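In what follows, chains are A, B, ... by sequence order, proteins preceding strands, each numbered from 1. Keep in mind that this is a model prediction, so the values were computed, not measured.
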Protein chains: 2
Amino acid sequence: MAPRHGVGSRSSATLAAILRATERLLLDEGYAAVTYRGVATRAGVTPGLVQYYFPGLDELFIAVLRRGTDRAIQALDRAGGAEQPLRALWSYANDKAGSALLLEFMALANHRKAIAPVVGEGGERVRKALLDTVTRTWHRYRLDDPELTPAALVFVLSAVPRMIHLEQAFGAHTGHAEAVALVERFLDRVEPRS
Amino acid sequence: MAPRHGVGSRSSATLAAILRATERLLLDEGYAAVTYRGVATRAGVTPGLVQYYFPGLDELFIAVLRRGTDRAIQALDRAGGAEQPLRALWSYANDKAGSALLLEFMALANHRKAIAPVVGEGGERVRKALLDTVTRTWHRYRLDDPELTPAALVFVLSAVPRMIHLEQAFGAHTGHAEAVALVERFLDRVEPRS
DNA sequence: GTCTATACGGCGATAGAC
DNA sequence: GTCTATCGCCGTATAGAC
């Protein structure tokens, strides 16, 4: 008997092709280009079939978002988050494609109310995973500023590279190199390369 | 004789109503809700008239963007940028509506190629105005870290509140209060309230 | 110069055919 | 499980009223 696929199992090759096509479309042309026809063309299926798996575009966006969040968490685990959490975080937030996807989902969340809570949950899940790891190794660091808490550091180390990538996408650059140098000098001091 | 208006002078009441309606629509429902029909309804004119002034939606977006950038520069000048540039910058980047508009324009820039360079120019114009002011007063601050340059500081002070507002829009909050406390303690130290 | 009316193809969503 | 037909809204183009 052939393996069971279908909408319930969420494991068919068709489904995977649709999710891949949607993510590529998001990165290449932005969320406004994600249409049933466009996704279907890129995935090699008919528009009606895409709509069969995802009755509304919101469901499609949410499926791509959840898959991306799961992958980010797994990638962080593999990236040695336990040994050098600050560098793992810095490297994670420096991902260009990740920043571009985040922008699309933030914009989507702003005017599709079904998307907003899912973006929030995904973001908080990643942030808290990072925060847990950094808190666990916090005793290693010799920091003189009592206001520099794990939460503040995790936030700034996430926000700076994210904003740099967003700005680079439209050609801005003022202060980028200097901000990166500032953070990397900090990392060299508190979490030297092994 | 009645005052001269018209598309060349860009000063008619109709034009102002269209730009106001577009900005409100961007904030309330995101750029995907900016349609000729929607703008026209909010501005109290016909869709064809909006299209007369702005033959494509790109031109409409660009007009709103330029107006917003001009106003931001003027607001910064009025906000005592010369006396306390770091606090003026911090207050400027903490503007909630400004962050929401920026998000919409960044997302637009990502998949409407005519918009990207205009977003870039506007962002760089503001950033460089801030950088000039901070550089001019840089000698006042007693900073021990040689990597903490005016450009790095301006970037971080812009990026942190911007990202906080973006994340708040979809319900994330982890690290926000701590990051704000960190920055405000820094400001109290290097640029005490007058 | 300012503004209105209308037509066209593409879109998301829905119902239902096969 | 797969796909088609249809509906109302969209951006855009155009023709013309005042």
Side-chain angles (χ1 to χ4, degrees), chain A residues 1-19 21-22 25-26 28-64 104 107-115, chain B residues 1-22 25-26 28-64 104 107-108 110-115:
Chain A
M1 185 178 172
R4 270 194 91 258
H5 291 315
V7 70
S9 70
R10 302 271 130 161
S11 65
S12 76
T14 301
L15 211 38
I18 289 171
L19 293 176
T22 305
L25 213 38
L26 272 172
D28 293 348
E29 308 180 40
Y31 73 79
V34 175
T35 66
Y36 285 118
R37 292 161 178 85
V39 170
T41 300
R42 290 209 180 204
V45 298
T46 59
L49 187 56
V50 179
Q51 202 166 12
Y52 163 70
Y53 285 110
F54 303 99
L57 286 182
D58 283 0
E59 283 105 317
L60 177 55
F61 286 126
I62 288 171
V64 172
E104 296 299 325
L108 267 173
N110 250 4
H111 53 83
R112 284 189 181 242
K113 64 178 174 54
I115 306 273
Chain B
M1 185 179 174
R4 268 193 92 260
H5 291 314
V7 69
S9 69
R10 300 273 130 162
S11 66
S12 76
T14 302
L15 211 39
I18 290 170
L19 293 176
R20 265 201 318 270
T22 305
L25 213 38
L26 272 171
D28 292 348
E29 307 181 40
Y31 73 80
V34 175
T35 67
Y36 285 118
R37 292 162 178 85
V39 170
T41 300
R42 290 208 181 207
V45 299
T46 60
L49 185 55
V50 179
Q51 200 171 7
Y52 163 72
Y53 285 109
F54 304 99
L57 286 181
D58 283 359
E59 282 106 316
L60 177 55
F61 286 125
I62 288 171
V64 172
E104 295 299 324
L108 268 172
N110 252 4
H111 53 85
R112 284 190 182 238
K113 63 178 174 54
I115 307 272

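Distances shown here put a side-chain N or O of A:Y36 below 4.0 Å from the OP1 or OP2 atom of C:dA13. Considering only side-chain N and O atoms, A:T46 lies under 4.0 angstrom from the phosphate OP1 or OP2 of D:dC3. Put simply, B:R37 has a side-chain N or O that comes within less than 4.0 Å of OP1 or OP2 on D:dG11. Contact between the side-chain N/O atoms of B:Y52 and the OP1/OP2 oxygens of C:dC3 is not found at any separation under 4.0 Å.
Listed nucleotides: D:dC3, C:dG12, D:dT12. Nearest to the side chain of B:L57: D:dT12.
B:E29 places its CD atom 15 Å from the C1' atom of D:dC10, with the value rounded to the nearest Å. In this structure, A:L15 places its CG atom 10 Å from P of D:dT2, rounding to the nearest Å. Straight-line distance from the OH atom of B:Y53 to the C1' atom of D:dT12: 19 Å, rounded to whole Å. B:L49 has its CG atom 15 Å from the C1' atom of D:dG16, to the nearest Å. Distance, B:Q51 CD to C:dT4 C1': 12 Å, rounded to whole Å. Remark: P of C:dG12 and CD of A:E59 are 14 Å apart, rounded to the nearest angstrom. Atoms CZ (A:F54) and P (C:dT14) sit 16 Å apart, rounded to a whole Å. As a whole-Å value, the separation of B:L60 CG from D:dT12 C1' is 14 Å.
Formation of a donor-acceptor pair under 3.5 Å by the B:Y36 side chain with backbone atoms of B:T46 is not found in this model. Of the possible polar contacts, one joining the B:E104 side chain to the B:Y31 backbone as a donor-acceptor pair under 3.5 Å is found.
Across all their heavy atoms, B:L25 and B:A33 have their closest contact at CD2-O, 3.6 Å.
When heavy atoms are screened at a 4.0 angstrom cut-off, A:V34 is found touching the sugar-phosphate backbone but no base atom.
No salt bridge links B:K113 with A:E29; every basic N to acidic carboxylate O contact stays at or beyond 4.0 Å.
Contact of the A:V64 side chain with the A:V34 side chain is not registered, since no non-hydrogen atoms from C-beta on lie closer than 4.5 Å.
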